[in-house]
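In what follows, a single structure is set out as structure tokens and then discussed.
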Amino acid sequence: MPLPCLPDQAAALLRLKRSFTITNDSECTLASWRAGTDCCRWEGVRCGGANGDGRVRSLDLARCFLESAAIDPALFDLTSLRYLNLAHNDFNGSELPSTGFERLKHLAHLNLSDASIQGKIPVGIRHLTNLVSLDLSTTVYLLDQDDLFLSFGTWSNPSWWVVEPNIGSLVANLSSLRELYLGRVDLSDNGEDWCTALTNSSTPQLQVLSLRHCRLFGPICTSLSSTHSLTEINLQYNGLYGPVPDSFADLHFLRVLDLADNDLEGLFPKRILQNRNLTTVHISYNTNIYGSLPNFSPDSSLTTLIVSSTNFSGPIPSSIGNLKSLNELGVASNDFRQELPSSIGQLTSLKLLEATGAAIVGTIPSWIANLTSLVLLRFSNCGLSGPIPSSIGNLKNLTRLELYRCNFYGTISPHIFNLTHLKVMYLHSNNLTGTVELSSFWKLPHLFSLNLSGNRLTIVDGDVSSSHVNNMNILRLASCNMSKFPDALRHMSFIQYLDLSDNKIPGAIPQWAWETWSQLVLLNISHNKFSSVLGNALPVDIESVDLSFNQFEGPIPTPAPDLASLDCSNNQFSSMPFNFSYQLSGICYFMASRNNLSGEIPSSICDARSLVLLDLSYNNLSGSIPSCLIENTNSLSALNLEGNQLTGKLPHNIKKGCAFEELDFSKNSIEGQLPRSLVECRDLQVFDIGDNQISDTFPCWMSVLPKLQVLVLKSNKFFGMVGPSVLGEQNNCDFMKLRILSLASNSFSGTLPIKWFKTFKSMMVKSSDESLSMENQYSRFSRTYQFTAAITYKGHDVTFSKILRTLVTIDVSDNALNGTIPKSIGELALLRGLNMSHNTLTGPIPSQLGALQELESLDLSSNDLSGEIPQELAQLHFLSVLNLSYNALVGRIPDSPQLSNNLSYLGNIGLCGFPLSKECSNMTMLSSHPSEEKHVDVILFLFVGLGVGIGFAVIIVVTWGIRIKKRSQDNRFSFWKKVLCM
């Protein structure tokens, strides 16, 4: 006879019971846990052993939904446990006990998933050498997703994270481990070496590796495939980059490969798709992965194949119809124009169908009506066009219909409203037309997420009496020609995400809005005509508010305690919250540029300890910058105070660990010197102190900043030499990453060092691993902040609201530089703008400048340059602005359309030939070969935006403004004449 439960075992369980609270949500009452009864027969308890020794071997309280302040230490008295499962109970964000787990030395299965715990994984778990399965994950479920937006939900407070800084140490002694589930465990401190640390550990029997949403970054190491026993690899929702290892194809037991929602790139190995044991391949939302699908044989085991939202191309094989077991299919084609193969219509078991890519063309195929098992249908970012067919209404099981960013047109088919199981409908960013009553969507009783933004629809209210309005959680109606605040919103008490941006809604936000939207998390009403925020307070739980580009006046609304992002820019607000410690203590992103804010920046702003982005540019703020804002913050990465009336000196005691990536103090009246402690800001990319009163020497010491790309010092009182001024500085002034250097309108003097320009490596060679524009991407709310810079470009003072990495310029104009133009500048192959005007430079124009094939603007005017214009300049085919005026140049002007503006040569009496009226008769001159290109009229454009070649994508025609400056040394005049350069 097996022994009954031993007294010490029962006592430990009863203490554990007392630590739990039974709630209305609890699925287990533990009523059988009574003193004096055999604990081996209690709910969730199993005893065992060959001799029935009365010791507890298994405790399974999974999904009991019990509550407790923490895991009670009584648990660790059950030292014979082999199986422990406390998943889906609520331990209220407590940390796992730091000691105790090491006592459970027989434990083989430990599951604490979705248990509302946080903090570091206890060291004791590392000593459980008999562990076969370890699950500390928190389930992440997708609330909402398209290409620009990703929203998660969890079973616990989203601010609670289990943390493991050394995954290699965690598993080093777990040689029996077969299953490792660490979903939503923060592994970010492992850095790029997370993968090698994991594979260097002794887990030869590992079969399941699930690290979903773990804040991982870095490459996937090829050594991961040395664990030949792997059957499942799930690395979804991380920041992994680099290629997918080809050696994954050699994992013959691999059944599940999920790498979706990362930043992976390169060729996806086709061999992986030919592994006949694979049931799941999911790599969507890796936009830089490319490849093609193979032909599929009928004996394939695939049930899930999703390569949509990647850069896959090539033909989608008709043999895809052989995958009869397929439940989920996502395809992509980006450069091989084709219609979707009709064989997909034979996959009647499909529950998910996705198609992306501009090369997928035609209309929505008629065979779509055959796929009656579909639960999700997504055609996005594709070349499909035509009306949405009425046959969609036959897919009665659809819960998600997503037809966005394609070319669909026409009206919204009324047959869509037959889809009564629909929960999500995305029809945004198409060419749909017509007037739509919002109330018509309330016929769909389960609909909770609707996006109609970016069409040519006109949305009106209609009948708002339907009770189904209350089900709406997510509503996006941007650019829907709305001219009044929808009355339906009065009844949306469960709304969490609301986007009414880019409409024509005037007046005040109704008072009832703040009373009704008690669960609102994200609100975007930017680009409207709102003038008042009635109530002057925001909902308590709101996290992100965008009020930008309206007509709001008065004080900025009082933020809610949980507010993380507030954008009030481009309004007429007159004051901001003064007590940040109370009103904005948790704010991460605060933008209030281009308002009427005045007075000093409140020092309480430093109490916002989580602040990452602060933009107060273009207001009327005065006084000095609070020193704590720069000296005492380790989270602030972007600070923009441009265009105010700030005075005083920059704080000089910046601490180690400074997180600044952009600092913009331009267009103020700041004086003194640059703080040398800026060298602590190792992540600094943009520094703009232009248009101030700084008096200092050239900051060679800033060259130690390894990421600095934009340095703007123009219009100050800098003096002395540019670059290394003494031999000892020669190796301490190398700006390897610099792309934009603006030193104009200072008092720099001396010659320009020839060797110095050779250190500008980022002006010579393109980098292949960088984004096209300089920006900071913040994962929360999928926010991207564009770095800005104010420089002189093509003769105009321009503030670039987006700094493209193709914008490479040097401006040393309006100083007192002398000597010759360094020939080494000709090695800066990526240079687009070079301005050395208004100095006293001498000697010839270096012929090496003809090697600058990307050059668009060259200004060498108002110097003392002599000699002929190099014939090589005729080969600068992208040159649209040239000014060589007021020098001492002689000889024939080279024949080229880019050199054909006579205003480029004023004040050079020795020049002759076209476009000047002075001919070159009786002169022996070399001339360049006439260009075979047809002569074109050239207009001076200001290019701001995306693009390459002669300029950028968004084009604004401007005039060449007048600038007159008298040169005292030779009494010459230089000027820009107001013209359109034709």
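Since the structure is predicted, the reported quantities are computational estimates derived from the model, not experimental observations. The figures that follow rest on heavy atoms only: side chains count, while hydrogens, waters and symmetry mates do not.
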Looking only at the side chains, is there a donor atom on one of S413 and H415 sitting less than 3.5 Å from an acceptor on the other? yes
Which pair of non-hydrogen atoms, one from R184 and one from V140, has the smallest distance, and what is that distance? CD-CG2, 3.5 Å
Rounded to the nearest 0.5 Å, what separates atom CG in L547 from atom CG in N550? 7.0 Å
For N334 and F312 the tightest heavy-atom approach is ND2-O, 2.8 Å
Taking the side chain as every heavy atom from C-beta outward, state whether W517 and L489 have any pair of such atoms under 4.5 Å apart. yes
Taking the side chain from D546 and the backbone from S526, do they hold a donor-acceptor pair closer than 3.5 Å? no
So, the side chain of N238 versus the backbone of C214: is there a donor-acceptor pair under 3.5 Å, distance only? yes
The test is side-chain contact (heavy atoms from CB on, under 4.5 Å); show your working for K351 and L376 and say whether it passes. CA-CA 6 Å; K351 294 184 177 179; L376 185 152; over 6 Å; no
Do side-chain atoms of N503 reach the backbone of C480 as a donor and acceptor pair under 3.5 angstrom? yes
Could you walk me through whether L264 and T310 pass the side-chain contact (heavy atoms from CB on, under 4.5 Å) check? CA-CA 10 Å; L264 298 169; T310 66; over 6 Å; no
Test item: I289 and L259 side chains (from C-beta on) under 4.5 Å apart, heavy atoms: no
Would you indicate whether K529, at its atom NZ, is surrounded by more than 12 heavy atoms from other residues, nucleotides or ligands within a distance under 6.0 Å? no
Taking atom types as modelled, is there a side-chain donor on S385 or N407 under 3.5 Å from an acceptor on the other? no
Start with the C-alpha gap between L353 and L347, add the side-chain angles, then the distance that decides, and say whether side-chain contact (heavy atoms from CB on, under 4.5 Å) holds. CA-CA 10 Å; L353 176 60; L347 302 175; over 6 Å; no
Give, for atom CG of L209 and atom CG of L211, the distance between the pair rounded to the nearest 0.5 Å. 4.0 Å
Shortest non-hydrogen separation from A332 to V307 and the atoms involved: CB-O, 3.7 Å
Within the supplied structure, the quantity of interest is the number of heavy atoms (other residues, nucleotides, ligands) at a distance under 6.0 Å from K504 NZ; does it exceed 12? no
Using a 4.5 Å cut-off on heavy atoms from C-beta on, say whether the side chain of I360 contacts that of I316. yes
Can you classify the ring geometry of F417 versus F441 as parallel (below 30°), tilted (30 to 60°) or perpendicular (above 60°)? perpendicular
Is any side-chain heavy atom of T356 less than 4.5 Å from a side-chain heavy atom of S284? no
Determine whether a donor-acceptor pair (N or O, by modelled atom type, separation under 3.5 Å) exists between the side chain of N473 and the backbone of S449. no
Taking the six-membered ring for Trp, are F549 and H527 parallel (under 30°), tilted (30 to 60°) or perpendicular (over 60°)? parallel
Under the side-chain contact (heavy atoms from CB on, under 4.5 Å) criterion, do F408 and L384 qualify, and how do the steps go? CA-CA 7 Å; F408 299 121; L384 291 174; 3.8 Å; yes
Side-chain heavy-atom pair R63, E27 within 4.5 angstrom cut-off: no
Does the T399 side chain pair with the main chain of V375, one donor and one acceptor, at a distance under 3.5 Å? yes
Got a donor-acceptor contact below 3.5 angstrom from the T279 side chain to the R255 backbone? yes
Using only atom types and a distance under 3.5 Å, with no angle test, would you say the side chain of S429 pairs donor to acceptor with the backbone of R405? no
Kindly compute the distance separating OG (S501) from CG (N528), expressed to the nearest 0.5 Å. 7.5 Å
Shortest non-hydrogen pair, N571 vs F552, comes out as OD1-N, 3.2 Å
Taking all heavy atoms of L613 and all of M591, pick out the closest pair and write down the distance. CD2-SD, 3.8 Å
Mind telling me whether H428 and Y404 have parallel, tilted or perpendicular rings, with 30° and 60° as the class edges? parallel
d(I412 CD1, N455 CG) to nearest 0.5 Å is 7.0 Å
Angle between ring planes, F485 versus F530, binned at 30° and 60°: parallel, tilted or perpendicular? perpendicular
With heavy-atom distances below 4.5 Å as the criterion, would you say the side chains of L401 and L422 are in contact? yes
Derivation of the side-chain hydrogen bond (donor to acceptor under 3.5 Å, both in side chains) call for E67 and T21: CA-CA 5 Å; E67 289 190 7; T21 300; 5.7 Å; no
CG-SG distance between L340 and C382, expressed to the nearest 0.5 angstrom: 8.0 Å
Distance-only, no hydrogens or angles: does the N327 side chain make a donor-acceptor pair with backbone N or O of L350 under 3.5 Å? no
Rounded distance (nearest 0.5 Å) linking atom CG of L257 with atom NE2 of H282: 10.5 Å
Between S94 and N92, does any side-chain donor sit less than 3.5 Å from a side-chain acceptor? no
Test item: C28 and L61 side chains (from C-beta on) under 4.5 Å apart, heavy atoms: no
Just by distance, do the side chain of D567 and the backbone of S548 share a donor-acceptor pair under 3.5 Å? no
Any heavy-atom pair between the side chains of L611 and I587 that's under 4.5 Å? yes
Looking at I509 and W514, what are the two nearest heavy atoms and their distance? CG2-CZ2, 3.7 Å
Taking only Lys NZ, Arg NE, NH1 and NH2, and the carboxylate oxygens of Asp or Glu, determine whether D258 and R212 approach each other closer than 4.0 Å. no
Is there a donor-acceptor contact under 3.5 Å from the side chain of Q236 to the main chain of A260? no
Do D25 and T23 have side-chain N/O donor and acceptor atoms under 3.5 Å apart? no
